[in-house]
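The structure appears right after this line, and notes come after that.
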Amino acid sequence: MARKRILVIFPKEWDREEFARGGYGDYEFVYEGFDLFRFPSSARLLSFDARRFVERLVRRWRGRIDGVFSNNEYFGALIAAGVAERLGLPGTPPAVVVTAQQKYYARLEQRRIAPEAVPDFSVFPFTVRDPSEVGLPFPVYVKPVRATFSVLVRRIENFAQLRRHLTFSWFEELIIRKLVRPFNDLMPLYTDFTIDAHHLIAETPLAGQEVNVDGYVREGRVTFLGLCDAVMFPGTDQFQRFVYPSRVPAAVQERMRALAERLLTGMGYRHGFFNIEMIWNPADDRIMLIELNPRLASQLAGLYQRVDGINPHRLLLELCTGAEPQARRAATGCAVAASLVSRRFDGRPLERDP
């Protein structure tokens, strides 16, 4: 039987390492994109044109691939959705990806579908000059409407702190503009949204236990892999580790699954993996939505494999080629798995890579 060829756009290290382990002899992988975090590859960002990149991929791979995907949150997921649509391959609708990734419009959709699970929010430009432009009383949780890896995401106590937070050197401003340009260039192709990625969203701060709800959708049918807890470094909102299975009460987990399914269905999310971040506050028993990531959370994939014997990457390959994913659980002898984050708080680099 001929191997299926899969185009992986802006591959993450988690994905490359998984495929390099073996066990994927029925697939051939081809990779496109560059590494945003290693020089000199990262220098390509300065001249990167997302629309031309999509056109090149469509011309090069038309009739030559069986599936396309990306777990890269910043560029890859939207580009892969656009390429899949152009080539008639299975994929998440690009308009749904844009809506999920643009945090302001995502909040509007969430408020339409599940208003009880959405904090107060507002949107304002990077060039904010007056507290009234923020639209919410301080303190607020601030993040770019198109953020990744929690860049520029933090709790802000007052307007003076916000101004300091948004003061950049010329080089930092250049990088920010180059980072948001691909999304700004692609967004008009799929939506009529008018607020671009040169804006931030402010939200009422949330408290409680953060939980990741993971799964996939095929032909509108939602399948859950499981729920993982996100544990923060004490006294911070910085990830320390992700742990599967979640330790929140079973009844709360069921409510989270129901909320996830309502959100996905309401958004028209009919095909593709998803990772939904929620937070449960034991004090008032409320569940609030943080965000929907329209991709596989590849950092968490190994947790499900170690505990449940499910290989999410193989499910992803089946999904992106149109096959029915075979999510069969098997005994592994492992009851709990965790993914730990190597992090320092003194501004210095790690002494060695994990």
Side-chain angles (χ1 to χ4, degrees), residues 73 77 92-93 95-125 128 133-148 150 152-156 162 183 187 191-197 199-215 217 222 224 227-230 232 237 246 248-249 251-270 274-295 297:
E73 172 70 9
T92 309
V96 173
V97 176
V98 171
T99 303
Q101 291 186 328
Q102 212 281 15
K103 297 183 188 301
Y104 174 65
Y105 290 105
R107 281 304 196 197
L108 291 178
E109 272 290 88
Q110 293 165 17
R111 188 169 64 186
R112 179 182 67 83
I113 297 164
E116 78 286 355
V118 180
D120 291 336
F121 62 93
S122 63
V123 68
F124 60 93
V128 59
E133 293 181 72
V134 176
L136 288 179
F138 291 94
V140 293
Y141 209 71
V142 166
K143 53 186 115 175
V145 297
R146 190 63 204 94
T148 190
S150 299
L152 294 179
V153 176
R154 67 171 299 176
R155 179 186 169 105
I156 300 292
L162 176 62
F183 187 82
M187 183 176 73
T191 71
D192 59 359
F193 295 165
T194 57
I195 295 177
D196 66 14
H199 290 75
L200 299 102
I201 186 171
E203 300 179 350
T204 301
L206 301 173
Q209 172 60 57
E210 186 171 330
V211 178
N212 288 265
V213 182
D214 294 300
V217 185
V222 179
F224 293 102
L227 287 76
C228 296
D229 289 337
M232 309 300 176
D237 56 2
S246 171
V248 303
V252 174
Q253 294 190 37
E254 283 304 309
R255 289 164 54 202
M256 287 182 167
R257 291 186 184 93
L259 176 58
E261 188 158 5
R262 181 153 57 109
L263 176 64
L264 293 161
T265 301
M267 289 184 64
Y269 201 111
R270 297 194 53 78
F274 63 84
N275 163 260
I276 303 178
E277 299 173 34
M278 301 184 187
I279 192 165
W280 170 61
N281 189 341
D284 58 15
D285 199 33
R286 294 184 68 188
I287 297 171
M288 305 293 283
L289 291 164
I290 299 176
E291 64 184 26
L292 162 61
N293 299 304
R295 54 167 173 76

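Everything quoted here is computed from the prediction, not taken from an experiment.
- Residues Y269 and L263 are not in side-chain contact: their nearest non-hydrogen atoms beyond the backbone lie 4.5 Å or more apart.
- Side chain of N293 to main chain of R295: no donor-acceptor pair is present (N/O by atom type, distance under 3.5 Å, no hydrogens or angles).
- Interatomic distance, L162 CG to I156 CD1, rounded to the nearest 0.5 Å: 5.5 Å.
- The shortest distance between side-chain heavy atoms of F193 and T99 falls below 4.5 Å.
- Interatomic distance, R270 CZ to L264 CG, rounded to the nearest 0.5 Å: 11.5 Å.
- One N or O on the side chain of Q253 and one on the backbone of V248 form a donor-acceptor pair closer than 3.5 Å.
- When all heavy atoms of V213 and A260 are compared, the pair lying nearest together is CG1-CB, 4.2 Å.
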Begin from the C-alpha positions of T194 and Y105 and carry the test side-chain contact (heavy atoms from CB on, under 4.5 Å) through to its verdict.
-> CA-CA 10 Å; T194 57; Y105 290 105; 3.6 Å; yes
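- The heavy-atom pair separating A202 from L136 by the smallest distance is O-CD1, 3.5 Å.
- Annotation: salt bridge (Lys or Arg N to Asp or Glu O under 4.0 Å) contacts of D285 (sequence neighbours excluded): R255.
- Of all the heavy atoms in A230 and N212, the pair that sits closest is CB-ND2, 4.0 Å.
- Summarising the geometry, atom CE belonging to M187 is positioned 6.0 Å from atom CG belonging to D196; distances are rounded to the nearest 0.5 Å.
- Interatomic distance, F124 CZ to H199 NE2, rounded to the nearest 0.5 Å: 10.0 Å.
- Considering only heavy atoms from C-beta on, D237 comes within 4.5 Å of Y141 through its side chain.
- Remark: E291 engages K103 in a salt bridge (Lys or Arg N to Asp or Glu O under 4.0 Å) (not counting sequence neighbours).
- Side chain of Q101 to backbone of E73: a donor-acceptor contact under 3.5 angstrom is found.
- Within the structure, the salt bridge (Lys or Arg N to Asp or Glu O under 4.0 Å) test picks out the following pairs touching residues 104-113 (sequence neighbours left out): R107-E203, E109-R112.
- I276 contributes atom CD1, which lies 12.0 Å from atom CZ of R257 (distance to the nearest 0.5 angstrom).
- Side-chain contact between I195 and Q102 is present, with heavy atoms from C-beta onward closer than 4.5 Å.
- A perpendicular orientation is assigned to the rings of F274 and F224, their planes being inclined by more than 60° (bins at 30° and 60°).
- For the pair V134/V142, no side-chain contact is recorded, criterion being any heavy-atom separation below 4.5 Å from C-beta on.
- In terms of heavy-atom proximity, V145 sits nearest to L200 at CG1-C, 3.8 Å.
- Nearest heavy atom pair, residue M288 against residue V118, reads CE-C, 3.5 Å.
- No side-chain heavy atom of Q209 sits under 4.5 Å from any side-chain heavy atom of V252.
- Between the side chain of T191 and the backbone N or O of A95, no donor-acceptor pair lies under 3.5 Å.
- The two residues K143 and V153 come nearest to each other via the heavy atoms CB-CG2, 3.5 Å.
- In this structure, CE in M278 is found 9.0 Å from CG in L292, a value given to the nearest 0.5 Å.
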